Amino acid sequence: MNEMLRHLPSVDQLLRDAGALIEQHGRLRTKEAVRAALDAARAGKSGATSDALLQQAASLLDREAQPSLRPVFNLTGTVLHTNLGRALLAAEAIEAANIAMRQAVTLEFNVDGGHRGERDDHLRGLLLELTGAEDATVVNNNAAAVLLVLNSLGLGKQAIVSRGELIEIGGSFRMPDIMSRAGVELVEVGTTNRTHAKDYAAAITDRTGLILKVHTSNYRIEGFTAEMAAPDLARLAQERGVPLVNDLGSGSLVDLSVYGLAKEPTVREAVAEGADIITFSGDKLLGGPQAGFIIGKRELIAQINRNPMKRALRVDKIRLAALEATLRLYRDPDRLAARLPTLRALARPAAEIEAQAQRLRPLVQSFFGDVLTVTVVPCQSQVGSGALPTSTISSAALSLRPASSDGRLVERLAMGFRNLHTPIVGRIEDGALLFDLRCLEDDTSLLAALTPHLHEIF
Ligand SMILES: *Cc1c(COP(=O)(O)O)cnc(C)c1O
């Protein structure tokens with residue numbers, strides 16, 4: 001061994017044979033990897049021949065070249081999975097974003113007059129047409145939309161919110177915290193389960209900046225409950241001269257019951273109910289890129305646009321392009337479900353998913369022999385991202401159950417699938433790993449991601 005180490009090739013010798021690696025990864029990184037391979041050989045952790053050293057360098061370079069943000073298979077059954085990037089964009093939106101990245105665009109340029117234009121102009125017309133609102137603007141995400149609206153209408157004043165609607169969306173988005181950061185004093189009214197008209201009415205004073213209604217998007221309060229209907233709240237707000245803001249969260253532009261899903265309030269309905277300002281997300285049910293829409297009364301939108309914070313929260317040309325293309329798809333409702341991946345996934349019939357699972361079952365089983373059993377089971381998918389929290393959608397899954405009842409095996413199985421070059425993410429239920437196939441559009445991509453080494457997990 002010592003003899004071999006004394007005859008280790010030099011960095012320069014190895015680099016002379018590393019043409020392909022240099023071509024792929026560049027001279028600098030290849031040199032670093034060759035040095036690391038030599039160090040590993042000296043430490044007895046890898047082979048000392050030229051071939052072994054170059055192979056070690058190649059595998060280091062491969063690992064390093066793997067992007068941190070990379071594709072996964074979302075087989076969790078949650079269609080809009082926040083941690084997996086929520087909505088997948090339509091081909092039309094991807095193409096529009098591509099063009100905006102490659103070429104100069106009319107971002108803030110009025111072609112007719114040759115003078116400066118407005119970013120918001122690209123979406124305003126579409127948003128007004130699709131929602132019935134008077135005016136609209138767009139910011140980084142819905143959290144930013146809520147922050148900006150609160151700060152614009154309520155700075156140094158009070159915002160009235162029902163105790164049943166003081167939501168936490170996850171992460172650190174809690175309504176009371178956002179309020180205080182927006183410089184708005186929170187006035188809670190009613191109780192967790194019941195808030196009445198008289199509660200709101202008694203809280204309105206000359207210090208009130210706005211009334212905030214929040215769609216309880218990730219939970220439902222059921223049982224002995226009362227909330228003030230939006231149109232009544234809008235009437236009260238108008239009588240007392242206070243703006244009513246409705247944070248819809250997901251906010252769908254279409255009636256989802258048409259696609260066999262539970263009904264979520266549409267943005268158009270919220271506008272018709274009389275809210276002065278409405279906020280909703282771009283990458284939840286709408287199916288576009290991350291964004292937050294603010295729509296409503298013209299003079300209030302103007303006030304919001306004058307807030308210097310707006311500049312800090314604005315969206316870039318790439319997302320504007322994708323948003324415009326996504327919104328355009330809504331002008332052709334007949335083809336919407338075919339073109340918008342989010343809606344397409346949500347609307348897939350359980351029978352079609354089950355047939356797909358039956359097709360894939362023996363193929364996946366063949367990777368494992370008798371160390372585990374793959375079966376097809378019915379399951380329930382979720383919309384995710386806080387939309388329709390209590391209604392699930394019938395679906396079908398591949399269930400992978402280890403032959404041994406050792407509970408750690410299923411965890412190890414899940415980890416093995418997560419460690420694939422393209423990770424496959426499912427969910428563990430009842431001692432089995434479930435792959436809900438609702439979001440799997442093509443079988444071959446999944447099969448190609450499975451490696452013959454999979455059984456080594458056990
Ligand atoms: C999701 C949600 C938000 C935050 O929206 P993002 O687009 O994730 O920033 C705010 N309010 C409600 C009610 C939500 O459901």
Side-chain angles (χ1 to χ4, degrees), residues 82 137-197 199-221 227-228 230 233-234 236-238 240-251 265 270 275-281 284 290-297 300-301 303-314 385-386 389:
T82 297
T137 185
V138 58
V139 288
N140 181 57
N141 57 8
N142 190 37
V146 172
L147 176 71
L148 181 63
V149 169
L150 289 173
N151 180 263
S152 303
L153 309 183
L155 181 63
K157 295 191 250 179
Q158 298 178 332
I160 300 171
V161 189
S162 160
R163 287 199 170 87
E165 298 175 358
L166 287 172
I167 58 165
E168 171 178 313
I169 293 297
S172 50
F173 189 80
R174 287 178 148 190
M175 209 37 104
D177 299 337
I178 295 287
M179 284 256 176
S180 75
R181 292 294 173 134
V184 182
E185 187 192 337
L186 168 65
V187 175
E188 302 175 26
V189 296
T191 60
T192 305
N193 57 331
R194 292 171 74 83
T195 303
H196 304 282
D199 298 323
Y200 284 104
I204 300 174
T205 67
D206 54 7
R207 296 182 55 212
T208 306
L210 64 137
I211 298 173
L212 178 65
K213 188 167 176 55
V214 186
H215 182 53
T216 55
S217 52
N218 49 8
Y219 66 98
R220 287 279 183 272
I221 293 179
E227 69 171 320
M228 207 174 158
L233 192 53
L236 174 69
Q238 200 189 3
R240 306 290 293 269
V242 181
L244 172 65
V245 175
N246 188 352
D247 175 22
L248 276 185
S250 199
D276 298 291
I277 289 288
I278 292 159
T279 59
F280 57 101
S281 277
K284 292 185 182 174
Q290 180 187 301
F293 295 103
I294 306 172
I295 63 168
K297 297 277 156 58
L300 294 178
I301 296 288
Q303 192 181 334
I304 289 163
N305 279 328
R306 283 195 301 271
N307 187 336
M309 267 177 139
K310 167 79 191 294
R311 169 63 196 262
L313 303 173
R314 74 184 186 185
S385 284

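Treat the numbers as computed from the prediction; the structure is a model and nothing was measured. Below, each value reflects all heavy atoms present in this structure, side chains not excepted, and no hydrogens, waters or symmetry copies.
In this structure, the side chains of M179 and L150 come closer than 4.5 Å at one or more pairs of heavy atoms. Counting heavy atoms from C-beta outward, L147 and M309 have side chains that approach closer than 4.5 Å. Side-chain contact between Q290 and N140 is present, with heavy atoms from C-beta onward closer than 4.5 Å. Counting only heavy atoms from C-beta outward, the side chains of Q303 and L153 approach each other to under 4.5 Å. For the pair V161 and L186, the minimum side-chain heavy-atom distance is below 4.5 Å. Q158 is not listed as a side-chain neighbour of V184, based on a closest heavy-atom distance of 4.5 Å or more.
Under the ring-ring contact (aromatic ring centres under 6.0 Å, His included) criterion, Y200 pairs with no residue, sequence neighbours left out. A search for side-chain contact (heavy atoms from CB on, under 4.5 Å) contacts involving I295 returns T131, A133, A136, V267, V271, I278, F280, not counting sequence neighbours. Partners of N246 by side chain to side chain donor-acceptor pair (under 3.5 Å), not counting sequence neighbours: none found. In this structure S162 satisfies the side chain to side chain donor-acceptor pair (under 3.5 Å) test together with T195, sequence neighbours excluded. With sequence neighbours excluded, the residues forming a side chain to side chain donor-acceptor pair (under 3.5 Å) with N151 are N307, listed by chain and number. Legend: residues meeting side-chain contact (heavy atoms from CB on, under 4.5 Å) with A197, ordered by chain and number and at least two apart, are M228. A search for side chain to side chain donor-acceptor pair (under 3.5 Å) contacts involving T205 returns nothing, not counting sequence neighbours. Not counting sequence neighbours, K157 has no partner by the salt bridge (Lys or Arg N to Asp or Glu O under 4.0 Å) test. With sequence neighbours excluded, the residues satisfying side-chain contact (heavy atoms from CB on, under 4.5 Å) with A143 are N141, F173. Listed by chain and residue number, I160, T208, I211, L236, R240, V242 satisfy the side-chain contact (heavy atoms from CB on, under 4.5 Å) test with I204 (two or more places apart in sequence, or in another chain).
Exactly one of L210, L212, I301 qualifies for a side chain to side chain contact (heavy atoms under 4.5 Å, CB included) with I277. That residue is I301. Considering L148, L313, I294 in turn, I294 is the only one that fulfils the side chain to side chain contact (heavy atoms under 4.5 Å, CB included) rule with T137.
Residue pairs meeting the salt bridge (charged side-chain N to carboxylate O under 4.0 Å, His left out) criterion with at least one member in residues 186-195, sequence neighbours excluded, are R163-E188. Within the structure, the salt bridge (charged side-chain N to carboxylate O under 4.0 Å, His left out) test picks out the following pairs touching residues 199-208 (sequence neighbours left out): E185-R207.
Residue L300 comes nearest to P243 through the heavy atom pair CD1-CB, 4.0 Å, listed as atom of the first residue, atom of the second, then distance. Nearest approach of A203 to V189, heavy atoms of both residues: CB-CG1, 3.5 Å.
In this structure a side-chain-to-backbone donor-acceptor pair under 3.5 Å is present from D276 to L244.
Rounding to the nearest 0.5 angstrom, the gap separating the CD atom in E227 from the CG atom in L233 is 9.5 Å.
Side chains of S385 and T82: a donor on one and an acceptor on the other come within 3.5 Å.
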